[in-house]
Amino acid sequence: MDRARRGLLLGLVAAAALPAHAQNDARPIRIVVPFAAGGGNDVFARQMAKGLGELRKQGVIVDNKPGAGGNLGTEQVVRSAADGSTLLLGHTGTVSINPALYKGLKFDARKDLLPVAMFASSALVLVVPAASKIRTVADLVAEAKARPGLLDYASSGSGTGGHLTGELFAERTGTRINHIPYKGTNPGLTDLAGGQVQMMFSVVPPALALVKGGRLRAIAVTGAKRLPSLPDVPTVAESGLRELAGFESTLTYGVLAPRGTPDAFVKEFSAQMLQVAGSAEFQARLGVEGAVPLLGGPAEYAALIAKESALWAGIVKASGATVE
């Protein structure tokens, strides 16, 4: 082995032998969650921060900055120093939907943030009242076509994943269903259980409790595969309807950094994130929240953001949905 190669090898070995705290900045890393504490975004961020803190021997804290559908916290990260000290817990809504949905934004998350790694995705569950005669997606489509414009679907608010999934479903099936926005998931589910609306594409945990309690019926999930928490509930694509072949609507979760963050930090932090996300403890937490692992580095996450952005921008435009 020549002297140059021997020196390089010895240098790499020495670097690997350094304790984590010697390789990393002593300052804590802040992961901004652009939503209130207690939801899935917050749960994932705290579990990730715990694992990263232990792995890096460095403080990793979660900072909740809710408001404007996630835009306030997202903009805060966009405006932060690109030095690895501030990161964003991002998901499909804040990164791929909001840029098309909100008018007058002074930033574009797709351009102003740098994907670090993605770690999970969550499907929605299509639920109807337990007393409904609708038992399958095929039943629902037949009812919607027989009564155009007379079926109402609830969502947790305009521009949310549940709202736009309903728009995607209507577009693919050629049906007219009415969107009824609520101020949160639970009020929508309560009215659904009471029969005030006929259907809802809901996040899994709160809907699952009502399904198990016998107040709602789950007829489909919107992911590419069935959920471990609802193994007997088919996917929308499994409905057998040609127009719904390949149907998929999921929310992707990941971490992003301000554009300009050094490549060395992004590479290191991405690898560490994926190590944490691959652990049995982290994946068990995902399952509780109705999510499944979806692991990918910067390139994979960037490609998925581009794909999701194209899909949802088209649905936002076709539906006429907008938020000032």
Side-chain angles (χ1 to χ4, degrees), residues 25 27-35 39-49 51-53 56 58 60-102 105-122 161 250-277 282 286 291 293-313:
D25 197 315
R27 296 173 302 165
I29 291 174
R30 186 167 59 112
I31 300 178
V32 174
V33 176
F35 298 100
N41 293 269
D42 181 61
V43 170
F44 297 153
R46 292 183 187 280
Q47 193 73 20
M48 180 62 72
L52 286 168
R56 294 177 64 86
Q58 178 183 12
V60 182
I61 61 175
V62 173
D63 187 7
N64 296 89
K65 294 291 183 182
N71 288 322
L72 291 184
T74 301
E75 183 172 13
Q76 184 177 89
V77 176
V78 167
R79 308 298 181 207
S80 296
D83 59 4
S85 63
T86 304
L87 304 169
L88 176 73
L89 195 288
H91 82 315
T92 301
T94 51
V95 178
S96 297
I97 294 176
N98 285 1
L101 181 69
Y102 283 80
L105 287 180
K106 298 179 181 179
F107 67 96
D108 187 336
R110 298 166 299 189
K111 299 176 181 178
D112 298 329
L113 293 171
L114 192 65
V116 175
M118 59 184 181
F119 58 83
S121 72
S122 61
T250 57
L251 298 176
T252 304
Y253 299 85
V255 167
L256 303 100
R259 181 69 61 180
T261 298
D263 289 344
F265 173 85
V266 171
K267 184 177 180 180
E268 176 190 272
F269 202 80
S270 177
Q272 292 170 337
M273 271 188 61
L274 295 177
Q275 183 176 338
V276 172
F282 190 88
L286 292 180
L294 182 65
L295 308 184
E300 292 86 359
Y301 192 18
L304 187 59
I305 288 172
K307 179 182 176 180
E308 291 185 331
S309 295
L311 169 65
W312 294 118

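Residue numbers run from 1 in the order of the sequence given. None of these values were measured; they are calculated from a predicted model.
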Next on the checklist: In the structure I gave you, are the side-chain heavy atoms of Q272 and F269 within less than 4.5 Å of one another anywhere?
Outcome noted: yes
Item to check | For P298 against P115, the heavy-atom pair lying closest together | outcome: CB-O, 3.4 Å
Next on the checklist: Testing the 3.5 Å rule here: is there a donor-acceptor pair between the side chains of S121 and T250?
Outcome noted: no
Checklist entry - Testing T74, D63, V77, N98 for side-chain contact (heavy atoms from CB on, under 4.5 Å) with P34, which one passes? => result T74
Checklist entry - Going by the angle between their ring planes, with limits at 30° and 60°, are F44 and F282 parallel, tilted or perpendicular? => result tilted
Item to check | Backbone of A257 reached by a side-chain donor or acceptor of T261 within 3.5 Å | outcome: no
Checklist entry - Which atoms form the tightest heavy-atom contact between S96 and P99, and what is the distance? => result C-CD, 3.9 Å
Checklist entry - Less than 4.0 Å between a side-chain N and a carboxylate O, is that true for R27 and D83? => result yes
Checklist entry - Does a side-chain heavy-atom distance below 4.5 Å link W312 with K307? => result no
Item to check | Side-chain heavy-atom pair F107, R79 within 4.5 angstrom cut-off | outcome: yes
Item to check | Under 3.5 Å: donor-acceptor pair, side chain of E308, backbone of I305 | outcome: no
Checklist entry - Do D263 and K267 sit within salt-bridge range, that is, some charged N less than 4.0 Å from a carboxylate O? => result no
Next on the checklist: Using a strict threshold of under 4.0 Å (side-chain N to carboxylate O), is an ion pair present between E268 and R56?
Outcome noted: yes
Checklist entry - Would you say the side-chain atoms of R30 pair up with the backbone N or O of I61, donor to acceptor, closer than 3.5 Å? => result no
Checklist entry - Taking the side chain from T92 and the backbone from T252, do they hold a donor-acceptor pair closer than 3.5 Å? => result yes
Next on the checklist: Within the structure provided, determine whether V255 and L88 are in side-chain contact (heavy-atom separation under 4.5 Å).
Outcome noted: no
Checklist entry - Only one of I31, V60, N64 forms a side-chain contact (heavy atoms from CB on, under 4.5 Å) with R46, so which one is it? => result N64
Item to check | Sub-4.5 Å side-chain heavy-atom contact between Y301 and V116 | outcome: no
Checklist entry - Is there side-chain contact between L294 and L304, with at least one heavy-atom pair below 4.5 Å? => result yes
Checklist outcome for this item: Smallest heavy-atom separation, V78 atom then P258 atom, equals O-CB, 4.5 Å
Checklist outcome for this item: Exactly one candidate in L87, T86, L72, V62 meets side-chain contact (heavy atoms from CB on, under 4.5 Å) with V32; the answer is T86
Checklist entry - Could you give all pairs that pass the ring pair (Phe, Tyr, Trp, His ring centres under 6.0 Å) test and reach residues 65-88, with sequence neighbours left out? => result none
Item to check | Minimum heavy-atom distance between R259 and L113, given as atom pair plus value | outcome: NH2-O, 3.0 Å
Checklist outcome for this item: Heavy-atom nearest pair, P262 first then A82, reads CD-O, 3.4 Å
Next on the checklist: Strictly distance-based, threshold 3.5 Å: is any side-chain N or O of D42 a donor or acceptor partner for the main-chain N or O of G39?
Outcome noted: no
Item to check | Any L286 side-chain heavy atom under 4.5 Å of Y253 side chain | outcome: no
